[in-house]
Amino acid sequence: MLKAAAIALGLWAAGAGLAWAQASPTATELRAGLEGRWVGALGYRDYQTDRLFELPVRTSIDVVDDGVTAIRRSAFDDGPAGTVWIVSTSLDDPQAGTVTTATFREGREVELLTETVEIVAYEGPQSWTIVYRRVGEDDDAPADIRVTETRAGDELLSVKEVRPLGAGDDAWRFRNQTRLTLQSGG
């Protein structure tokens, strides 16, 4: 009887461990779940008035069959300049915990960057927070750059913050954000 109870407990623990492993996808798997057509707003802080301004945006995200490559196309109305397109292709490296992205926008140099990727909260495949980190430049000075991407059902919010390179946690400052709602796909 004691042996049967020990076996049952062992099987239960193994099952609970398997459920936990299945409940914790990689950042690459979560990012692949963003495939679809989204609408929302690009938001930025006006440094003169310290107010948030938003521009309507349409975004499509397509994941390539390899599961680690994604193509993101975003269009927003920039007033007199008309529609602006930003196209990004990203490649996840799940083993390294990084994503490398090439971003294309007419009239600008191609931007190539690599960020570390960390899941900081996970409640389900459509309820999570991922933080991307890298060292780059902000206002022509070396800076730590952090993007916090939070999915809550069909809502996706990405907030970019910057701080002078190596400064303390209290130095993080809002830079911009993208707020999207899934229209189809996903």
Side-chain angles (χ1 to χ4, degrees), residues 26-28 30-34 38-61 68-81 83-94 96-123 127-152 155-182:
T26 66
T28 300
L30 294 177
R31 289 170 37 82
L34 296 176
W38 301 76
V39 296
L42 296 176
Y44 63 93
R45 188 178 100 209
D46 180 317
Y47 289 99
Q48 308 298 327
T49 64
D50 200 33
R51 290 181 36 213
L52 178 69
F53 285 90
E54 293 188 317
L55 301 169
V57 65
R58 295 181 328 268
T59 298
S60 67
I61 301 172
V68 295
T69 305
I71 302 165
R72 181 183 291 227
R73 294 182 273 307
S74 295
F76 65 92
D77 185 350
D78 197 20
T83 301
V84 174
W85 285 93
I86 301 172
V87 179
S88 300
T89 301
S90 62
L91 177 66
D92 282 47
D93 183 342
T98 61
V99 60
T100 299
T101 304
T103 301
F104 304 86
R105 180 174 170 178
E106 182 181 6
R108 296 197 180 179
E109 290 187 27
V110 174
E111 182 181 21
L112 182 66
L113 56 94
T114 299
E115 300 166 297
T116 61
V117 182
E118 178 186 10
I119 300 170
V120 296
Y122 177 78
E123 295 177 21
S127 181
W128 46 259
T129 300
I130 293 175
V131 174
Y132 305 83
R133 291 182 179 89
R134 68 183 174 95
V135 172
E137 282 194 3
D138 182 63
D139 202 19
D140 296 323
D144 292 317
I145 300 172
R146 171 176 73 189
V147 176
T148 303
E149 184 173 64
T150 302
R151 181 165 187 181
E155 304 293 319
L156 184 68
L157 176 64
S158 299
V159 176
K160 181 178 180 182
E161 299 170 291
V162 297
R163 69 178 178 185
L165 189 60
D169 280 341
D170 61 338
W172 288 108
R173 299 290 179 254
F174 173 86
R175 190 66 161 134
N176 57 52
Q177 71 180 30
T178 304
R179 183 177 41 80
L180 299 171
T181 301
L182 183 63

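Every value quoted in this text rests on a predicted model; they were computed, and no experiment measured them. Any value given below was found using the heavy atoms of this structure, including those in side chains, with hydrogens, waters and symmetry copies removed.
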Point to revise | CA sep, side-chain torsions, deciding dist, call: S88, T103, side chain to side chain donor-acceptor pair (under 3.5 Å) | key: CA-CA 4 Å; S88 300; T103 301; 3.1 Å; yes

Exercise for review: Before giving the answer on side chain to side chain contact (heavy atoms under 4.5 Å, CB included), spell out for V117 and T98 the whole-Å C-alpha distance, their side-chain angles and the decisive distance to 0.1 Å.
Suggested key: CA-CA 5 Å; V117 182; T98 61; 5.5 Å; no

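Scored by the side-chain contact (heavy atoms from CB on, under 4.5 Å) test, A167 finds R163, P164, A171 as partners (sequence neighbours excluded). For A121, the side-chain contact (heavy atoms from CB on, under 4.5 Å) partners are T129, not counting sequence neighbours.
E123 CD: 12 or fewer foreign heavy atoms inside a 6.0 Å radius.
Using a 3.5 Å distance cut-off with no hydrogens or angles, the side chains of T114 and T100 do pair a donor with an acceptor. For the residue pair S158/R179, the side-chain donor-acceptor check at 3.5 Å is not satisfied.
Annotation: the span from T181 atom OG1 to E155 atom CD amounts to 3.5 Å, rounded to 0.5 Å. Taking OG1 of T101 as the reference point, atom CD of E115 lies at 5.5 Å (rounded to 0.5 Å). Taking CG from L180 and CZ from R58, the interatomic distance works out to 12.5 Å, rounded to the nearest 0.5 Å. One finds the CG atom of L42 at 5.0 Å from the OG1 atom of T178 (value rounded to the nearest 0.5 Å). Here the CD1-CD1 distance, from I119 to I130, works out to 5.5 Å after rounding to the nearest 0.5 Å. Atom-to-atom distance recorded for Y44:OH and L52:CG is 9.0 Å, nearest 0.5 angstrom.
Exactly one residue among T59, V87, I86, T89 makes a side-chain contact (heavy atoms from CB on, under 4.5 Å) with R73. That residue is V87. Across R175, R146, R173, a single residue satisfies salt bridge (charged side-chain N to carboxylate O under 4.0 Å, His left out) together with E161, and that is R146.
You'll find the side chain of I145 stays beyond 4.5 Å of the side chain of R133, heavy atoms only. Looking only at side-chain heavy atoms (C-beta outward), I61 and I71 stay at 4.5 Å or farther from each other. Between E149 and W128 there is a side-chain heavy-atom pair separated by less than 4.5 Å. Side-chain contact between L30 and Y122 is present, with heavy atoms from C-beta onward closer than 4.5 Å. Y132 has its side chain within reach of V99: a pair of non-hydrogen atoms, C-beta onward, lies under 4.5 Å apart. Contact check for F174 versus V159: side-chain heavy atoms found under the 4.5 Å cut-off. Residues V162 and D144 are not in side-chain contact: their nearest non-hydrogen atoms beyond the backbone lie 4.5 Å or more apart.
When atom types are taken as modelled, the side chain of R151 and the backbone of G33 share a donor-acceptor pair closer than 3.5 angstrom. Using modelled atom types, one side-chain atom of D93 and one backbone atom of A96 make a donor-acceptor pair closer than 3.5 Å. W172 contributes no side-chain N or O that, together with a main-chain N or O of G168, makes up a donor-acceptor pair within less than 3.5 Å. Between the side chain of D92 and the backbone N or O of P94, no donor-acceptor pair lies under 3.5 Å.
Minimum heavy-atom separation, E137 to D140: OE1-CA, 3.9 Å.
By the 6.0 Å and 45° rule, R105 does not stack over the aromatic ring of W85.
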